[in-house]
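Side-chain atoms are counted along with the backbone in the values below, which use heavy atoms only and exclude waters and symmetry mates.
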Amino acid sequence: VAHSTTAQQKRPALKGGVTENLVIINHVKKKTSMAPKKPAQPTKPAAKSRRESNVERSAYFARREAAKVLKSVLQGDAHRRAVGSIKTLVYSPTIRNKKATFALVCQTLKYLPIIKDVMEIANVLNSKWKRQVELMYIITYDILFGQDASLTGDPEKYLILRKGPLQSALVKILVKKGAKRIEDLMAQYQIYDVKKPRYVRVNTLKLDVETAMFELGKENAVQKDDMIPDLLVLPPGTDLHNHPLVTDGSVFMQGKASSMVAVALGPKPGWEVIDACAAPGNKTVHLAALMKGEGKIVACELNKDRVKRLEHTTKLAGAANVEVLHENFLNLNPEDPSYSKVRAILLDPSCSGSGTVADRLDYLLPSHTSGDSDGGDEGRLIKLAGFQKKALIHALSFPSVERVVYSTCSVHQIENEDVIKSVLPLAASYGFQLSTPLPLWARRGLPVVEGSQHLLRTDPVEDKEGFFIALFTRNATHFPETTQKAERDPDFDNLKHEAVKRHHNQKKFVRSLPFTKLSRLYLHRNSMICRR
């Protein structure tokens with residue numbers, strides 16, 4: 001990270017043996033205290049002074065933006081309910097200095113176990129500063145490993161005054177761990193950089209592929225993907241976050257596996273489609289592009305913060321045929337006439353994210369470095385699989401739906417093949433069968449379920465990310481069972497949807513009211529609500 005590399009060149013780094021590190025710290029302290037005072041220098045030109053002031057101000061706000069992101073990341077990791085990945089949070093519209101913020105968050109997370117130990121040994125946090133602990137982590141990173149030349153602000157000044165105890169605490173940790181250098185200390189955390197091509201999807205609602213290739217090719221080598229239309233491939237590490245085509249929504253930075261999902265669903269222009277768990281919206285606007293902006297996409301999202309992100313994405317893409325719905329997909333009633341023309345549903349539900357650990361930077365999170373990652377959290381996987389099964393059953397129950405795609409960014413069988421296996425009998429009763437998405441793709445599902453040859457998998461090693469895609473298509477000659485018949489089936493009753501149950505119970509309740517003056521008022525009130 002440029003922020004870290006440049007900074008470390010400006011100050012003495014603790015790279016020698018333990019004895020050498022002690023000498024460096026003492027030498028710096030002695031040099032600082034004994035150095036003769038230099039004669040007063042002439043006043044710097046105003047322009048240079050303003051530039052320095054701007055740099056300090058930019059760094060000041062970057063640390064606070066990074067602290068805000070870091071707090072959200074750590075809270076989400078602790079409760080296993082992340083609002084978004086590190087990249088999603090950093091590159092949200094509210095973050096101004098994205099590059100500096102991203103560097104600070106990643107580097108602070110990388111060094112966080114050491115930073116916590118250093119701060120505990122140095123005993124520098126009182127009750128006041130504990131309330132801003134994420135900001136204190138970031139400042140401590142800058143003091144020990146990064147750039148402390150422009151640390152302005154009260155928390156910064158507080159820790160600068162305690163720089164000596166922080167450095168001494170770091171040396172004590174080196175001695176305790178038997179490490180001669182910082183690199184040796186970090187090696188035990190086994191943090192690796194995964195190099196993968198930079199994929200960008202051209203938003204054909206705004207730009208054609210050839211123009212995108214020409215513009216991106218001015219500074220980078222660009223080629224078309226061999227399988228996914230409108231997907232371009234650039235060298236690993238290509239930074240496009242501030243590129244005009246990205247900032248105006250003409251292209252989206254989206255991985256190849258993620259781009260496969262909308263293509264697998266294959267909606268036609270003019271269709272009505274539901275994106276069941278839509279945020280942050282990359283797949284939603286991909287659907288809109290495939291539909292040429294025609295038809296209608298209902299994009300559901302339950303989380304309020306993620307709804308804002310979804311709305312921003314659709315607006316940026318110019319996807320006018322997307323209707324953002326702040327609602328739980330499971331609350332949508334398949335019998336509601338509003339959804340009687342829905343022909344396709346994309347279901348990309350919450351999952352462990354185990355297939356995108358490298359891309360999401362999850363390997364930097366405390367749960368991963370401590371060994372308590374999603375991969376080992378069996379209880380959470382069971383809960384996720386339960387929700388995924390419930391959501392897939394709900395998607396299959398919409399009477400006019402012809403195509404349903406179920407996808408995850410997980411490598412776990414319990415979230416993938418096992419979910420598909422559990423719903424196959426019900427899917428067959430609705431006239432659905434497994435079909436083959438992207439037939440030219442070689443890697444298929446694990447042979448633990450009938451029809452596994454139709455399932456699609458990407459490999460986290462070979463393909464740099466692990467995705468799973470299943471495509472259900474309905475036989476055109478098959479009519480789904482009516483709700484009334486399904487209700488009489490005791491086996492199906494366990495799989496009834498909460499929205500259908502609620503809708504049915506409300507109707508039944510209204511019919512059972514004695515027709516009195518009070519009931520007339522009740523019915524009038526409800527009719528007015530329905531009209532609104």
Is the shortest side-chain heavy-atom distance between [X] and [Y] below 4.5 Å?
X      : Y      : result
Thr284 : Val324 : no
Glu301 : Arg309 : no
Asp239 : Lys99  : yes
Tyr111 : Val118 : no
Ile115 : Phe145 : yes
Leu231 : Arg201 : yes
Phe252 : Thr313 : yes
His243 : Leu216 : yes

Under 3.5 Å, is there a donor-acceptor pair between the side chain of [X] and the main chain of [Y]?
X      : Y      : value
Ser72  : Lys68  : no
Asn328 : Leu302 : no
Ser258 : Gly255 : no
Glu465 : Ala257 : yes
Asn303 : Asp305 : yes

Rounded at 0.5 Å granularity, tell me how far [atom1] in [X] sits from [atom2] in [Y].
X      : Y      : atom1 : atom2 : answer
Leu135 : Asp154 : CG    : CG    : 10.5 Å
Lys71  : Tyr137 : NZ    : OH    : 12.0 Å
Cys351 : His412 : SG    : NE2   : 9.0 Å
Ile182 : Leu174 : CD1   : CG    : 4.5 Å
Leu112 : Leu70  : CG    : CG    : 7.0 Å
Leu245 : Glu215 : CG    : CD    : 6.0 Å

Got more than 12 heavy atoms from elsewhere within 6.0 Å of [atom1], [X]?
X      : atom1 : result
Lys315 : NZ    : no
Glu327 : CD    : yes
Glu219 : CD    : no
Lys206 : NZ    : yes
Asn242 : CG    : no
Arg443 : CZ    : yes
Lys218 : NZ    : yes

Which atom names give the shortest non-hydrogen contact between [X] and [Y], and what distance separates them?
X      : Y      : value
Leu332 : Cys300 : CD2-SG, 3.7 Å
Val322 : Ala288 : CG2-CB, 4.2 Å
Ala317 : Val285 : CB-CG1, 3.5 Å
Ala262 : Leu287 : CB-CD2, 3.7 Å
Leu104 : Ala66  : CB-CB, 3.8 Å
Ser352 : Leu381 : CB-CD2, 3.7 Å

Inset, instruction - Please determine which of Lys163, Met119, Met136 meets the side chain to side chain contact (heavy atoms under 4.5 Å, CB included) test together with Val124. - result: Met119
Legend entry - side chain to side chain contact (heavy atoms under 4.5 Å, CB included), paired with Ile469, selected from Val405, Asp348, Val263: Val405
Inset, instruction - May I ask you to say whether Arg96 pairs ionically with Glu65, meaning some side-chain N is under 4.0 Å from a carboxylate O? - result: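 Salt bridge: no.
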Inset, instruction - Decide yes or no on side chain to side chain contact (heavy atoms under 4.5 Å, CB included) for Leu347 and Cys277, but give the supporting numbers first. - result: CA-CA 6 Å; Leu347 175 62; Cys277 306; 4.1 Å; yes
Legend entry - Within 45° cone and under 6.0 Å: Arg64 NZ/CZ vs Tyr60 ring: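 Yes, Arg64 and Tyr60 form such a contact.
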Inset, instruction - Would you sort out whether Gln388 and Thr408 count as a side-chain hydrogen bond (donor to acceptor under 3.5 Å, both in side chains), showing the intermediate values? - result: CA-CA 9 Å; Gln388 292 155 357; Thr408 73; over 6 Å; no
Legend entry - Residue pairs fulfilling ring pair (Phe, Tyr, Trp, His ring centres under 6.0 Å) with at least one residue in residues 112-134, sequence neighbours excluded: Trp129-Tyr158
Inset, instruction - Would you please name every residue forming a side chain to side chain donor-acceptor pair (under 3.5 Å) with Glu134, sequence neighbours left out? - result: none
Inset, instruction - Among residues two or more places apart or on two chains, list those pairs meeting salt bridge (Lys or Arg N to Asp or Glu O under 4.0 Å) that have a residue in residues 247-259. - result: Asp225-Lys256, Asp226-Lys256
Legend entry - Stepwise side chain to side chain contact (heavy atoms under 4.5 Å, CB included) check, Ser259 with His286: CA-CA 8 Å; Ser259 301; His286 192 183; 4.2 Å; yes
Inset, instruction - Please assess Leu265 against Val261 for the test side chain to side chain contact (heavy atoms under 4.5 Å, CB included), listing each intermediate value before the final yes or no. - result: CA-CA 7 Å; Leu265 186 65; Val261 178; over 6 Å; no
Legend entry - Candidate pair Met260 and Ile228, rule side chain to side chain contact (heavy atoms under 4.5 Å, CB included), full reasoning: CA-CA 7 Å; Met260 289 179 173; Ile228 307 300; 3.7 Å; yes
